[in-house]
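A short write-up of the structure that comes next.
Keep in mind that this is a model prediction, so the values were computed, not measured. Sequence lines set the chain letters: A, B, ... in the order given, protein chains first and strands last, and positions in each chain run from 1.
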Number of protein chains: 2
Amino acid sequence: MMTDAVDRILAQWEKARPDLDCRPMGIFGRISRASRVFGSRMEQVFEKEGLSTVEFDILATLRRSQAPLTPTQLYQTLMLSSGAMSTRIDQLVKRGLLQRQASDEDRRSNRVALTEAGRHLIDSTLEAHVENQHRMASALDSDEQHQLACLLRKLMTDEQR
Amino acid sequence: MMTDAVDRILAQWEKARPDLDCRPMGIFGRISRASRVFGSRMEQVFEKEGLSTVEFDILATLRRSQAPLTPTQLYQTLMLSSGAMSTRIDQLVKRGLLQRQASDEDRRSNRVALTEAGRHLIDSTLEAHVENQHRMASALDSDEQHQLACLLRKLMTDEQR
DNA sequence: TATTGTTATACTCTATAACTATA
DNA sequence: TATAGTTATAGAGTATAACAATA
């Protein structure tokens, strides 16, 4: 069996603190590393289109919703503060990728919508992104990919104590 | 079968872009979310001891090495810049958790070592951390935890194209 | 000349909170 | 009074590059 950096870390802990059962680090250490490594690879795809990861997420959220969303819906979905979201929307509006539409029902609010240019950009970036993800997952066969997704879903269920 | 936020996102994509096979998002979307959610839970444990995640990582790296390390070894292991590492070491030295030892072989260099206080702090924090990780992994049984670790290792092998 | 480590600078990103307009 | 969204401020953290000392 192949060993990786996390296996070596676990072996070190076994020597330094043999009283501790550090096996869960085999999961969380790899999740953390995978998030950094794969996140940076995805970022490279977004950067080719001039987007940051957060900007991609905003455009993608609007694209898959197939409808304009309020800033509040967006920052709750993306786990950002309202202030951070306003700043992001501003910049994307300036670049002609988003537009704010006044709301009829509540005049405090507005709806953020993709422009024609924004829709074209997110559609083409998304295609490159999905292709990239298929490449990144290719070390696993189709069954293994399914198993991994199911185990991760189960790991995160119920927000256990 | 239980569904989660990522399943709902995948269902949206299926409607909005049925031409794309977005299944890998079931893996990478969950890795990214897991890293944020679990990372924040681990951070809470570190904060109780007055440590940030990076500070914990520095002390833990020295603890499991069971030997002083150079700043270069530390920033390479932790994927930080040399400048960022210097700043971090400074603060931990100020707090009496680390000390710099002049090197005999190379007078440009030095070795960073845990102080008595640093060693005590990392040992007790580590125990709380490992306990916390066991709790976080408890949604999976022992076999599933092993399977998940193996699949993550395989996913990251060979840095494929 | 190259390398180790530190320092100084600037930048990115964010949360917080004050603020406005409206409900 | 509470809520939606924007703006202004400040802070955390980092990378970069210039620098000093030594190899």
For L78(B) and dA15(D), give me the distance from atom CG to atom P, rounded to whole Å. 11 Å

Counting distance only, does the side-chain N/O of T115(A) pair as donor-acceptor with the main-chain N or O of L97(A) below 3.5 Å? yes

Contact class for T70(B) (heavy atom, under 4.0 Å): base, sugar-phosphate, or nothing? sugar-phosphate

Taking DNA chain C as the partner, which of residues 88-112 of chain B come within under 4.0 angstrom of it by heavy atom? D90(B), R100(B), R108(B), S109(B), N110(B)

Side-chain contact, heavy-atom cut-off 4.5 Å: I31(B) with L152(B)? yes

Just how far, in rounded Å, is P of dT12(C) from CD of E47(A)? 13 Å

Would you mind checking if R64(B) and E14(A) are paired as a salt bridge, meaning a charged N to carboxylate O distance below 4.0 Å? no

What integer distance in Å separates M85(A):CE from dT16(C):C1'? 16 Å

Starting at OH of Y75(B) and ending at C1' of dT16(D), how long is that distance when rounded to a whole Å? 13 Å

Could you check how far CG of L74(A) sits from P of dT14(C), rounded to whole Å? 14 Å

Which value, rounded to the nearest 0.5 Å, describes the distance between N132(A) atom CG and L126(A) atom CG? 11.5 Å

When you get a sec, tell me which of dT6(D), dA15(D), dT6(C) is the closest nucleotide to the side chain of A84(B)? dA15(D)

Would you say the side-chain atoms of E55(A) pair up with the backbone N or O of S52(A), donor to acceptor, closer than 3.5 Å? yes

What is the distance from CD of Q76(B) to C1' of dT3(C), rounded to the nearest Å? 12 Å

L80(B) CG to dT16(D) P: how many Å, rounded? 12 Å

Protein-nucleotide distance (F46(B), atom CZ; dA12(D), atom C1'), rounded to Å: 18 Å

Approximate separation, where rounding is to 0.5 Å, of Q12(B) CD and C22(B) SG: 11.5 Å

